[in-house]
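Below is one structure, written out as structure tokens, with a few remarks after it.
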Protein chains: 2
Amino acid sequence: MDESTPAPAEAAPRMHIGDIAEATGLSQRTIRHYDEVGLLPATTRSEGGFRIYTPADLARMLVIRSMKPLGFTLEEMGSLLDTVDTLAGDPQNAPARALLADYLQRATEKRNKLALNLERADKFIEDLRGR
Amino acid sequence: MDESTPAPAEAAPRMHIGDIAEATGLSQRTIRHYDEVGLLPATTRSEGGFRIYTPADLARMLVIRSMKPLGFTLEEMGSLLDTVDTLAGDPQNAPARALLADYLQRATEKRNKLALNLERADKFIEDLRGR
DNA sequence: ATTCAAACTTACCTTAACGTAAGGGTAGAG
DNA sequence: CTCTACCCTTACGTTAAGGTAAGTTTGAAT
């Protein structure tokens with residue numbers, strides 16, 4: 001078993017799916033789904049098959065959590081994350097730059113829609129209070 | 001044809017589905033769906049089968065539009081609207097009162113979640129801008 | 001080492017809320 | 001009557017979950 005265990009030099013905390021669910025507020029079912037569709041694969045698995053996540057995985061999941069209410073599809077979210085990764089390694093990558101700009105615009109539009117929805121919700125609630 | 005036309009005493013504007021779609025920003029498909037499931041039936045139909053909506057229908061649709069981003073199911077939205085109708089005619093109706101209070105609480109919680117999502121979205125966008 | 005409860009897995013099924021496509025009818029202006 | 005914009009229905013598909021059941025794994029406690 002020792003021969004097959006990764007080097008313990010990796011001191012990063014390892015988390016199970018329950019930990020991620022608690023940290024993000026997403027359901028385990030959702031997180032498994034994201035693994036299955038490739039949006040956020042677990043970094044690795046225990047010998048018994050448990051998903052094992054790293055802090056980087058958690059960070060990525062938190063980004064996903066931010067994008068989700070904006071209405072991006074799972075595929076779009078994956079694509080954007082890949083794009084950001086690409087730019088981290090190659091800031092001059094023109095196609096990635098263009099894609100990022102596109103996402104930024106759409107995110108802004110969707111954000112504005114979200115703000116509008118919030119405004120409408122507040123009016124709705126206020127109206128309901130008067131009943 | 002004149003004999004079969006409703007009395008022109010009804011001066012309320014009549015709208016087709018396209019008008020409602022434009023006024024609300026919802027898709028025609030969505031509006032038809034709401035008719036089919038009974039959430040917002042068209043008041044009537046033309047002889048040719050076209051859905052005909054009234055301003056009251058439109059007002060109801062706008063309420064639905066406010067609730068939708070809060071994540072209520074179609075059934076819940078219908079139920080709340082019925083409850084509000086009940087209370088309009090019978091403000092002392094205890095079960096309706098209780099139900100309204102329940103919906104109000106849930107709407108407030110969901111509103112708060114929406115506000116949190118907006119906050120997260122803003123941070124996400126700001127982060128994206130720095131890339 | 002053993003036990004055990006909590007946590008996890010897979011696989012299959014279901015669901016809500018539409019979107020899309022195909023084919024056809026309606027309404028009203030000209 | 002023609003024509004164009006609009007509308008209809010039906011049926012199938014899509015997306016993103018959620019539920020459930022049966023079986024396995026994990027790790028702390030003893």
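These numbers were taken from a predicted model, which means no experiment stands behind them. Excluded from the calculations below are hydrogen atoms, water molecules and symmetry mates; all remaining heavy atoms, backbone and side chain alike, are included. In what follows, every chain begins at residue 1, and chains take the letters A, B, ... in the order their sequences are listed.
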In short, salt bridge (charged side-chain N to carboxylate O under 4.0 Å, His left out) pairs touching residues 108-117 of chain A with sequence neighbours left out are A/Arg111-B/Asp122
Test side chain to side chain contact (heavy atoms under 4.5 Å, CB included) on B/Leu58 and B/Tyr53 and set out the steps. CA-CA 7 Å; B/Leu58 176 58; B/Tyr53 293 93; over 6 Å; no
For this session: Check whether any side-chain heavy atom of B/Glu76 sits under 4.5 Å from a side-chain heavy atom of B/Met67, and report yes or no.
Result: no
Quick one: side chains of residues 123-131 of chain B, donor-acceptor pairs under 3.5 Å with protein atoms, not counting sequence neighbours, listed by atom name and distance.
from, atom 1, to, atom 2, distance (Å)
B/Asp127, OD2, B/Arg131, NH2, 2.9

Discussion item. Please check if the number of heavy atoms outside B/Glu22 that lie under 6.0 Å from its CD is greater than 12.
Written reply: no
From CG of A/Asp19 across to C1' of C/dA7 the rounded distance in Å is 10 Å
Within residues 59-79 of chain B, those residues having any heavy atom closer than 4.0 Å to DNA chain C are B/Lys68, B/Thr73, B/Leu74
In terms of hydrophobic clustering (I, L, V, M, F, W, Y; side-chain heavy atoms under 4.5 Å; direct or indirect links), are A/Leu62 and A/Ile52 co-clustered?
no
Short side-chain N/O contact to C/dC8 OP1/OP2 from A/Arg51, under 4.0 Å: no
- Message: Is it true that, when you exclude B/Gln92 itself, more than 12 heavy atoms of the residues, nucleotides or ligands shown sit nearer than 6.0 Å to its CD?
- Response: no
Atom pairs, protein N/O to nucleotides 26-30 of chain C N/O, distance under 3.5 Å:
from, atom 1, to, atom 2, distance (Å)
C/dA27, OP1, B/Ser46, OG, 2.9
C/dA27, OP1, B/Gly48, N, 3.3

>> Using 30° and 60° as the class boundaries, would you call the ring planes of B/Phe72 and B/Tyr103 parallel, tilted or perpendicular?
In response: tilted
*asked:* Using side chain to side chain contact (heavy atoms under 4.5 Å, CB included), reason through A/Arg65 and A/Lys68 one step at a time and then give a plain yes or no.
replied: CA-CA 5 Å; A/Arg65 192 185 63 175; A/Lys68 191 180 167 195; 5.8 Å; no
ask   = Is there side-chain contact between A/Arg14 and A/Thr44, with heavy atoms separated by less than 4.5 Å?
value = yes
Given side chains that start at C-beta, do those of B/Thr54 and B/Asp57 come closer than 4.5 Å, heavy atoms only?
yes
Residues of residues 26-38 of chain B with a heavy atom under 4.0 Å from any atom of DNA chain C, listed by number, are B/Ser27, B/Arg29, B/Thr30, B/His33, B/Tyr34
Identify whether the distance between the nearest side-chain nitrogen and carboxylate oxygen of A/Asp35 and A/Arg45 falls below 4.0 Å.
yes
What residues 106-125 of chain B contributes to the DNA chain D interface at heavy-atom separation below 4.0 Å is none
What do the steps show when you test A/Arg51 against A/Ile20 for side chain to side chain contact (heavy atoms under 4.5 Å, CB included), and what is the final call? CA-CA 10 Å; A/Arg51 291 171 175 81; A/Ile20 301 289; over 6 Å; no
